[in-house]
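Structure, as C-alpha cells:
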Amino acid sequence: MGLTSAAETAEVKLWAKQYPEVAAEIEAIQMSMESYAQSHAVAPDASVKEKIFAEINSGKAAPVVDMKTKDNGTAKVYPVSSFWKYAAAASIILLLVSLIFNYTLYNKYQTTNDTLQVAQADLKEQKDLMTDISKAMEVMGNMDARPISLVNPDTAKNDAARIYWMKNSGDIFVDPSNLPKLPTSKQYQFWAIIDGKPVNGGIITREVNGRIVHLQQMKTFGNAQAFAISVEDAGPEKPVPTEVKAMGKI
C-alpha cells in the first residue's frame, strides 16, 4: 500500500520467501482487501455511459480546468498524517513478527510432542518387557514346572530351546529366545509326541515388533511323551512336521 519504506518492504519480502505462512497471510490480506473493495463498489448509473459516449462523439473539445486557486495561484495539498502511515506499517510488521513467533513456537511444540511420544513408546516397550520377564520368572519358579531341554540334532547340544511342562495342569510353555532367527518365508512350529505320533501344538512366535519373546504358552497336552520344534513354510499351521530342528523327551 506504499506505507513501508524500501528497506521495510525488502524485509517483508524476505520473510515471505523464508516462511510460507507469512506469504500465505500476506496473500490472504490482499485478497480480503480486494474482496472488500469489490463488495462495496457502487456501479454507476447506466445513463452515465451514454452521456460519456455522446460527449465523445459530439466532437467538442474538452474544457480546460484551471487548477490554480484564486488566493495564491496553487492548489492546496492535504498530506496524510505520518502517524497513520507509521501506525499501519507497525501493525503489519507486528503481525508478521507474531506469525514468525507462532510458527517457531509451533515447531518447538511439535518437536517436544514427537520426543514425548517416542519416550512414551519406549516406556511402554520397557513395561511390556518387564511384564514378560515377570511372567517367565513366575513359570520358572513354579514348583510344578518341569524344565525340558530340546536337543539340536545338528549340534547334539541342549541349546535349541527349553520347555516348561506343568505337571499339575498339563500347560506347556516354550522359551524360543535361543532359536535362530528365520527368514520371513519360514516359521517355527511346536509339536507334542503322543503315542509315537506328532500332534500340532501351535506356531512359535520368536519375536514381536523386534522384541525377543522369552516365554510363550502353547497348546495343552496331558499325556505327551516328548516335544519337538520344526521349521515350516510361513502360513497356516501344518498337519505334520517338515524339518524337525529340536526334540526332547519328558
* To do: Return the set of residues passing side-chain contact (heavy atoms from CB on, under 4.5 Å) with Lys249 (not counting sequence neighbours), or none when no residue passes.
  => Ala226
* Structure fact -> side chain to side chain donor-acceptor pair (under 3.5 Å) filter on Ser185, not counting sequence neighbours, yields none
* Using side-chain contact (heavy atoms from CB on, under 4.5 Å) as the criterion, list what pairs up with Thr242, not counting sequence neighbours. => Glu232
* **Residues that Thr9 engages under side chain to side chain donor-acceptor pair (under 3.5 Å), provided they are two or more places apart** => Thr4
* Which residues share a side chain to side chain donor-acceptor pair (under 3.5 Å) with Trp191, sequence neighbours left out -> Ser230
* In chain order, what residues pass the salt bridge (charged side-chain N to carboxylate O under 4.0 Å, His left out) check against Glu27, with sequence neighbours excluded? -> none
Residues 192-201, side-chain donor-acceptor partners within the protein, below 3.5 Å, at least two apart:
unit_1	atom_1	unit_2	atom_2	d
Asn200	OD1	Gln189	NE2	2.9
Asn200	OD1	Gly202	N	2.9
Asn200	ND2	Glu237	OE1	2.4

* Structure fact -> With sequence neighbours left out, the residues meeting salt bridge (charged side-chain N to carboxylate O under 4.0 Å, His left out) with Lys13 are none
* Partner set under side-chain contact (heavy atoms from CB on, under 4.5 Å) for Thr220, not counting sequence neighbours -> Asp171
* By side-chain contact (heavy atoms from CB on, under 4.5 Å) - contacts of Lys17 (at least two apart) -> none
* Structure fact -> Those residues at least two apart in sequence (or on a different chain) that pass side chain to side chain donor-acceptor pair (under 3.5 Å) with Asn223 are none
* **salt bridge (Lys or Arg N to Asp or Glu O under 4.0 Å) partners of residues 89-100, not counting sequence neighbours, each pair once** => none
